[in-house]
Participant: 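First, the structure itself, so that you have it in front of you.
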Amino acid sequence: MSPEAVTIRPMRPDDAPAVAAAARTALEELDPQNVAPEADEALRAAGATARVGHIQDTDPGGCWVAEAGGRIVGSALGLIRDGVWGLSLFALLPAFQGRGIGRRLYAPALEYGAGESGGIILSSSHPAAMRCYGSSPGYRLVPTVGLAGSWDPRRAPA
């Protein structure tokens, strides 16, 4: 499918289940070690759908989807809280990446927060995501580190 055949449009309330499902699929395919397994898949899906639906309810101007052949293949959800814009969710199925679709999808969500006094984007370590976010006007990459495991205070230096 050509990139031109993918439509970028505002998210509708009834898109929430498909947005949540596509985001989960994209994350599972791209970064499976960072996708937590759920004992109750129905409960996980309901929670994800409710989260996406809530953002669409509160910030409809920041919620966009990529649609191909009547199917949601990606989403960009931006929200504004207390004068700070945040990118809450950005996901695009791997089969649609690398063709400019992600940038087209991301642009209106980013524009939604253009007039706010602050903004934050928490990125995965995916190089394309970091490149896209780091090239956004007014944003810079700030390296951080993630740690896992238990902390033993006896091993901390004096």
Participant: Calculate, to the nearest 0.5 Å, the distance between atoms CD1 and OG belonging to Ile121 and Ser136 respectively.
Facilitator: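 It comes to 4.5 Å.
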Participant: Determine, stepwise, if the pair Arg103 / Cys132 fulfils side chain to side chain contact (heavy atoms under 4.5 Å, CB included).
Facilitator: CA-CA 7 Å; Arg103 284 199 181 267; Cys132 177; 4.0 Å; yes
Participant: For the pair Leu122 and Leu87, evaluate side chain to side chain contact (heavy atoms under 4.5 Å, CB included) and give the outcome as yes or no after the intermediate values.
Facilitator: CA-CA 7 Å; Leu122 302 178; Leu87 185 62; over 6 Å; no
Participant: Side chains of Met11 and Leu77, heavy atoms from C-beta outward: is any pair under 4.5 Å?
Facilitator: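 Sidechains of Leu77 and Met11: in contact.
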Participant: Measuring only between side-chain heavy atoms, which start at C-beta, is Leu93 closer than 4.5 Å to Arg71?
Facilitator: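 Yes. Closest side-chain heavy atoms under 4.5 Å.
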Participant: Side-chain heavy atoms nearer than 4.5 Å, only ILVMFWY residues, links allowed to pass through others: does that put Leu89 and Leu79 together?
Facilitator: yes
Participant: Side-chain contact test, heavy atoms from C-beta onward, threshold under 4.5 Å: evaluate it for Asp152 versus Arg155 and give yes or no.
Facilitator: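 SC-SC contact between Asp152 and Arg155 confirmed.
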Participant: Mind checking the CZ-OG spacing from Arg140 to Ser135? Nearest 0.5 Å is all I need.
Facilitator: 15.5 Å
Participant: Decide side chain to side chain contact (heavy atoms under 4.5 Å, CB included) for Arg81 and Asp59; before the verdict, give the C-alpha distance in whole Å, the side-chain angles of both, and the deciding distance to 0.1 Å.
Facilitator: CA-CA 10 Å; Arg81 301 292 181 270; Asp59 294 84; 2.6 Å; yes
Participant: So if you build clusters from Ile, Leu, Val, Met, Phe, Trp, Tyr with side-chain heavy-atom gaps below 4.5 Å, do Tyr112 and Leu110 land together?
Facilitator: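 Hydrophobic grouping puts Tyr112 with Leu110.
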Participant: Quick check, are the ring centers of Tyr106 and Phe90 under 6.0 angstrom apart?
Facilitator: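 Ring centroids of Tyr106 and Phe90 are less than 6.0 Å from each other.
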Participant: Do Ile8 and Leu92 belong together in a cluster built from hydrophobic side chains that touch within less than 4.5 Å?
Facilitator: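 Result: yes, single cluster for both.
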Participant: Please tell me if the side chains of Arg9 and Val65 come closer than 4.5 Å, counting only heavy atoms from C-beta onward.
Facilitator: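 Yes, their side chains come closer than 4.5 Å.
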Participant: Any idea which heavy atoms bring Gly113 and Ile80 closest together, and the distance?
Facilitator: CA-CD1, 4.3 Å
Participant: State whether the number of non-hydrogen atoms from other residues, nucleotides or ligands found under 6.0 Å of Asp82 atom CG is greater than 12.
Facilitator: no
Participant: Would you compute the distance between atom OG1 of Thr7 and atom CD1 of Ile101 and round it to the nearest 0.5 angstrom?
Facilitator: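 One gets 10.0 Å once the value is rounded to the nearest 0.5 Å.
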Participant: Which atom names give the shortest non-hydrogen contact between Ala68 and Val73, and what distance separates them?
Facilitator: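 In this case the closest contact between Ala68 and Val73 is CB-CG1, 4.1 Å.
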Participant: Please lay out, stage by stage, how Leu141 and Met130 fare under the test side chain to side chain contact (heavy atoms under 4.5 Å, CB included).
Facilitator: CA-CA 8 Å; Leu141 294 178; Met130 290 191 292; 4.2 Å; yes
Participant: Ala129 and Ser123: which non-hydrogen atoms are nearest, and at how many Å?
Facilitator: CB-OG, 3.9 Å
Participant: Look only at the side chain of Arg104 and the backbone of Val6, and say whether a donor-acceptor pair between them is shorter than 3.5 Å.
Facilitator: yes
Participant: Over all heavy atoms of both residues, which pair between Ala91 and Ala26 is shortest? Give the atoms and the distance, please.
Facilitator: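 Scanning both residues completely, I find the closest heavy atoms to be CB-CB, 4.1 Å.
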Participant: Is it the case that Arg51 and Ser88 place a side-chain donor and acceptor less than 3.5 Å from each other?
Facilitator: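 Present: a donor and an acceptor within the cut-off.
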Participant: Has Trp85 got a side-chain atom pairing as donor or acceptor with Gly115's backbone, closer than 3.5 angstrom?
Facilitator: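 Not confirmed, Trp85 side chain does not pair with Gly115 backbone.
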Participant: Answer whether the closest heavy-atom distance between the side chains of Arg12 and Gln56 falls below 4.5 Å.
Facilitator: no
Participant: Do you know the tightest heavy-atom contact between Gly74 and Leu105?
Facilitator: C-CD2, 3.7 Å
Participant: Counting heavy atoms not belonging to Glu29, are there more than 12 under 6.0 Å from its CD?
Facilitator: yes
Participant: Any idea which heavy atoms bring Tyr133 and Tyr139 closest together, and the distance?
Facilitator: O-CB, 3.8 Å
Participant: Determine whether a donor-acceptor pair (N or O, by modelled atom type, separation under 3.5 Å) exists between the side chain of Asp40 and the backbone of Ala42.
Facilitator: yes
Participant: Applying a strict under-4.5 Å side-chain criterion to I, L, V, M, F, W and Y, I'd like to know whether Trp64 and Val19 cluster together.
Facilitator: no
